[in-house]
Engineer: 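Supplied in structure tokens, the structure appears directly below.
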Amino acid sequence: MRVSQLFGKTLRDEPAEAETVSHRLMLKAGLIHQVAAGVYSYLPLAWRSLRKIEQIIREEMEAAGGQELRMPALQPRELWEQSGRAEAFGPTLFTLQDRRERAMIIAPTHEEVITSIVRANVRSYRDLPLILYQIQTKFRDELRPRGGLIRVREFDMKDAYSFDPDEDGLDNSYRAMVQAYKNIYSRCGLPYLMVEADSGAIGGKDSHEFILLAESGEDVVIQCATCGYAANAEKAKSVKPPQKMESLLPLGEVHTPGIKTIEDLARFLGVPKSKTLKAVFYWADGQVVFVTIRGDLAVNEVKLKNALRATDLRLATSQEVEAAGLVAGSASPIGLKGIKSVADDSILLGFNFVVGANKPDYHLRNANYPRDFAADVITDIALAEEGQGCERCGSPLGQARGIEVGHVFKLGTRYSETFGATFLDREGVQRPILMGCYGIGVGRLLAAAIEQNHDEKGVVFPIAISPYAVYLCPLQMNDPQVSQAAESLYKTLLEEGVEVLYDDREESPGVKFNDADLLGLPVRLVVSSRTLREEIVELKRRKEQKPRLVPWAEVSVTLKDTLAGE
RNA sequence: CGGGGUGUAGCGCAGCGGUAGCGCGCCUGGUUUGGGACCAGGAGGUCGGUGGUUCGAACCCACUCACCCCGACCA
């Protein structure tokens, strides 16, 4: 491809809209064009890159036994009412009416449709196992799209679905998909992290996410460098340090004027935060929930949501708290009546806690469970944090931010039961099919790859997903010797099947070098009157500072070696 | 939805009551050519929209729309 013909311009000024690195670089390098919030066009360079990613995904899906198909984005809303997900997705679901005023949706994902298809086509255990996948555009009306291609409202996703007759089969399919995912990221040249993930209120058991570490990531990962434990912070567990055994002391009131926070309380009374209990109020599906957790820990809302089996959870407003007869800042689990209560199991790991007295400016000392208070549910609802102990090996946990670029899930029979996707087993018994689902955001993967692979000058593409492999850069196009040499090298490389972007513009060297660095193709070849005199070509890897000088006759061999080593 | 911010030429910005400017990019000609060259000439804007105030509005007021950031939310 000739740069003079290429559609898409690089920008000299930093686009003001973009803060996230990948967003900024993709706009600046002319890879994408924004149409609306969270809606982008892919320009030719980005599209090449995306197609390469898709191709890798396809190959690995096929290798894992997947069969590609294609489902519609436009679907009857009825299907989603049936699965209960119209409500679960809420306003995130793009909704419209057709001319007959039938309610339609534009699909955010495809469990409903794939299950319907499979129901119609699978009768017997002989039809299983099955892995079906597609690469298709999804639509989600996210409340806040962000970071260029990181979180968008229209995006391409590879979604795969597995169908098995039993748990063992599901385990096998899951393992095969996990392996395929690992292969995909490796082949893309992207170091990834596989972490345990929350499967949500309606999910199945196992779920893992594939994360590319990046500062701009939306997800927090908790990991143990010693034993390798890694989990999304939403899911992660950690050791809650136990307190020393103490004999239980009698409950007693203490005056705490103006003290409302745990920090102030601990300082005022001269006790560690772990000797206090924190009260937090949530609003779960229309009622106030009283949450108790040890003062040194924070509530993990995903765990809490799961513990409550709630679909809608948020912090309660002060009005809601007041209406429930609670005193914020001095609320107490003691004497709680008529309010749903959840406690973190950390309340079992300590003695003689300071708690609220449920009247302003007073707290109670020496509260002990179960002597002084009760809770409807006691379970782990604490947020694992950096520095806490690993649940598996006890070593201190680390914490990092990352971008979720893949998610695998064991769905079980959630959808097969709803849609009646069953099969007859060997004994002639009708049973629901066990399902798994497996997603990769293609555009997000490209964005995340750029987040991970760039420097101050621009993108540094891993070769497997780079739009082209080589940037051929003649410096004086008006010098016939240079342009002829460059033309002939271009043709040779094309004939040899090298993917080359040929900068045939009559631009100054600075412009060309800067564009080359910005776009970040793995190898740059420079032809100039100077190199021509010495019968060499300058070959520079984007990752390295220093170029190599290669004799003209050896260019194509050396180039191929270099590309093979990328 | 709450908080913050921005809408003026393709991109980056200035102008903040007197009828629109700068840099980059773009077009023409010439000179240049190893890290975003130079000279000369030129094209390009209903100043996000609507309504109001005013002799006069890019500028003041009201409403509205869009976009960005933080949070909430989010397979």
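The figures here come from the full heavy-atom set of this structure, side chains too, leaving out hydrogens, waters and symmetry mates. Order of the sequence lines fixes the chain letters, A, B, ..., with proteins taken first and strands second; residue numbering starts at 1 for each chain.
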Engineer: Do the rings of A:Tyr174 and A:Tyr438 sit parallel, tilted or perpendicular, given the 30° and 60° boundaries?
Structural biologist: tilted

Engineer: For the side chain of A:Ala37, starting at C-beta, report the closest nucleotide among B:rC74, B:rG34, B:rC67.
Structural biologist: B:rC67

Engineer: When you compare B:rA66 with B:rC60, how far apart are their C1' atoms, in angstrom units rounded to a whole number?
Structural biologist: 23 Å

Engineer: Thinking salt bridges, do A:Lys303 and A:Asp344 make one under a 4.0 Å N-O criterion?
Structural biologist: no

Engineer: Nearest to the side chain of A:Arg151, heavy atoms from C-beta on, is which of B:rC74, B:rG34, B:rC26?
Structural biologist: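 It is B:rC74.
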
Engineer: Relative to each other, are the rings of A:Phe419 and A:Tyr415 parallel, tilted or perpendicular (30° and 60° limits)?
Structural biologist: parallel

Engineer: A:Ser528 near the nucleic acid: base, sugar-phosphate alone, or nothing, with a heavy-atom cut-off under 4.0 Å?
Structural biologist: base

Engineer: Does a side-chain N or O of A:Gln34 approach OP1 or OP2 of B:rC68 to a distance below 4.0 Å, or not?
Structural biologist: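 Result: yes.
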
Engineer: Has the side chain of A:Glu111 got a donor or acceptor that lies under 3.5 Å from a partner of the other kind on the base of B:rA75?
Structural biologist: yes

Engineer: If B:rU46 has a Watson-Crick or G-U wobble mate with both distances under 3.5 Å, name it; if not, just say none.
Structural biologist: none

Engineer: State which of B:rC11, B:rC68, B:rG36 makes the closest approach to the side chain of A:Lys28.
Structural biologist: B:rG36

Engineer: With distance as the sole criterion, do the side chain of A:Arg524 and the base of B:rG35 form a donor-acceptor contact below 3.5 Å?
Structural biologist: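 A donor-acceptor contact between them is present.
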
Engineer: Please report the distance separating the P of B:rA58 from the corresponding atom of B:rC16, rounded so that it comes out in whole Å.
Structural biologist: 14 Å

Engineer: Could you work out the separation of B:rG49 and B:rA57 based on their C1' atoms and round it to a whole Å?
Structural biologist: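 So the two C1' atoms sit 15 Å from each other.
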
Engineer: For A:Pro15 and A:Pro145, take the nucleotide of RNA chain B holding the closest heavy atom to each; which residue's nucleotide lies nearer the 5' end?
Structural biologist: A:Pro15

Engineer: State the pairing partner of B:rA72; accept Watson-Crick or G-U wobble contacts with both distances under 3.5 Å, and report none otherwise.
Structural biologist: none

Engineer: Between the base of B:rG34 and the side chain of A:Glu538, is there a donor-acceptor distance below 3.5 Å?
Structural biologist: yes

Engineer: Taking 4.0 Å as the cut-off, does a side-chain nitrogen or oxygen of A:Lys9 come that near to OP1 or OP2 on B:rG36?
Structural biologist: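 The answer is no; no side-chain N or O of A:Lys9 sits under 4.0 Å from OP1 or OP2.
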
Engineer: Work out how far the P atom of B:rG5 is from that of B:rA20, and round it to whole angstrom.
Structural biologist: 31 Å

Engineer: Please tell me which of A:Gly38 and A:Lys457 maps to the more 5' nucleotide of RNA chain B, matching each residue to the nucleotide holding its nearest heavy atom.
Structural biologist: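 Closer to the 5' end of RNA chain B: A:Lys457.
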
Engineer: Going by side chain to side chain contact (heavy atoms under 4.5 Å, CB included), A:Leu501 matches just one of A:Asp515, A:Leu472, A:Val470, A:Leu519. Which one?
Structural biologist: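 Considering A:Asp515, A:Leu472, A:Val470, A:Leu519, a side chain to side chain contact (heavy atoms under 4.5 Å, CB included) with A:Leu501 is found only for A:Leu519.
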
Engineer: Can you figure out which of B:rG34, B:rU33, B:rC73 approaches the side chain of A:Val526 most closely?
Structural biologist: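 Within the option list, the nearest is B:rG34.
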
Engineer: If only side-chain N and O atoms of A:Arg144 are considered, is one of them under 4.0 Å from the OP1 or OP2 phosphate oxygen of B:rC70?
Structural biologist: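 It does, given that an N or O in the side chain of A:Arg144 lies less than 4.0 Å from OP1 or OP2 of B:rC70.
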
Engineer: Quick check for you: among B:rC73, B:rG36, B:rC68, whose closest atom lies nearest to any side-chain atom of A:Arg12?
Structural biologist: B:rG36

Engineer: Nearest to the side chain of A:Arg530 - B:rG35, B:rA75, B:rG34?
Structural biologist: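 Nearest nucleotide to the side chain: B:rG34.
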
Engineer: Nearest of B:rU33, B:rC74, B:rC73 to any side-chain atom of A:Pro509?
Structural biologist: B:rU33

Engineer: Using Watson-Crick or G-U wobble geometry with both distances below 3.5 Å, tell me the partner of B:rC60, or none.
Structural biologist: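 Looking at the geometry, B:rC60 pairs with B:rG52.
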
Engineer: Can you label the angle between the A:Trp80 ring and the A:Phe89 ring as parallel, tilted or perpendicular, going by 30° and 60°?
Structural biologist: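 Ring orientation of A:Trp80 relative to A:Phe89: perpendicular.
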
Engineer: What nucleotide among B:rG12, B:rG34, B:rA75 has an atom nearest to a side-chain atom of A:Leu475?
Structural biologist: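 Closest of the options to the side chain of A:Leu475: B:rG34.
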
Engineer: Mind checking A:Thr531 for me? I need base, sugar-phosphate or nothing, with any heavy atom below 4.0 Å counting as a touch.
Structural biologist: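 Counting heavy atoms under 4.0 Å across all strands, the contact made by A:Thr531 includes a base.
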
Engineer: Taking any strand in view, what nucleotide pairs with B:rU28 in a Watson-Crick or G-U wobble way, both distances under 3.5 Å?
Structural biologist: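 Matched B:rU28 with B:rA40 under the 3.5 Å cut-off.
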
Engineer: Pick base, sugar-phosphate or nothing for A:Glu404, based on heavy-atom distances below 4.0 Å to the nucleic acid.
Structural biologist: nothing

Engineer: Measure from the side-chain N and O atoms of A:Asn172 to the backbone N and O of A:Arg175, and report whether any donor-acceptor pair falls under 3.5 Å.
Structural biologist: no

Engineer: Ignoring hydrogens and angles, are the base of B:rU33 and the side chain of A:Asp479 linked by a donor-acceptor pair under 3.5 Å?
Structural biologist: no

Engineer: NA contact type, A:Gly147, heavy-atom cut-off 4.0 Å: base, sugar-phosphate, or nothing?
Structural biologist: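 Sugar-phosphate contact only - A:Gly147 comes under 4.0 Å of backbone atoms but never of a base.
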
Engineer: What nucleotide, of B:rC26, B:rU33, B:rA75, holds the atom closest to the side chain of A:Phe409?
Structural biologist: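 Closest of the options to the side chain of A:Phe409: B:rA75.
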
Engineer: Hey, does the side-chain of A:Tyr415 have a donor or acceptor N/O within less than 3.5 Å of a partner on the base of B:rA75?
Structural biologist: yes

Engineer: Taking N and O atoms by type only, does the side chain of A:Asp13 place a donor or acceptor under 3.5 Å from a partner on the base of B:rG25?
Structural biologist: no

Engineer: Taking N and O atoms by type only, does the side chain of A:Arg146 place a donor or acceptor under 3.5 Å from a partner on the base of B:rC69?
Structural biologist: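 Between B:rC69 and A:Arg146, which were checked side chain against base, a qualifying N/O pair under 3.5 Å is absent.
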
Engineer: Does A:Ser508 get its side chain close enough to the base of B:rG36, under 3.5 Å, for a donor-acceptor pair?
Structural biologist: no

Engineer: Across all strands shown, which nucleotide pairs with B:rG35 by Watson-Crick or G-U wobble geometry, both distances under 3.5 Å?
Structural biologist: none

Engineer: Would you say the ring centers of A:Phe210 and A:His208 fall short of 6.0 Å from each other?
Structural biologist: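 No.
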
Engineer: Counting only Watson-Crick pairs (N1-N3 plus N6-O4 or O6-N4) and G-U wobbles (N1-O2, O6-N3), all under 3.5 Å, who is the partner of B:rC67?
Structural biologist: B:rG5

Engineer: Measure the distance from CZ on A:Arg505 to P on B:rC26 and round it to the nearest whole Å.
Structural biologist: 9 Å

Engineer: Ignoring hydrogens and angles, are the base of B:rA75 and the side chain of A:Arg140 linked by a donor-acceptor pair under 3.5 Å?
Structural biologist: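 Per atom types, no contact qualifies.
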
Engineer: Tell me which nucleotide, if any, is Watson-Crick or G-U wobble paired with B:rC16 when both distances must be under 3.5 Å.
Structural biologist: none

Engineer: Under 4.0 Å between any heavy atoms, over every strand shown, what does A:Ala36 touch: base, sugar-phosphate, or nothing? Just pick one.
Structural biologist: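 Since only primed, P, OP1 and OP2 atoms lie under 4.0 Å of A:Ala36, the category is sugar-phosphate.
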
Engineer: For A:Glu78, I'd like to know if atom CD has over 12 heavy atoms of other residues, nucleotides or ligands within 6.0 Å.
Structural biologist: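 Result for CD/A:Glu78: open.
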
Engineer: Suppose you measure atom P in B:rU8 against the same atom in B:rG15; what distance do you get, rounded to whole Å?
Structural biologist: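 Between the two P atoms, the distance is 14 Å.
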
Engineer: Determine the Euclidean distance between corresponding P atoms of B:rG30 and B:rU50; express it in Å to zero decimal places.
Structural biologist: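 The answer is 45 Å between these two P atoms.
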
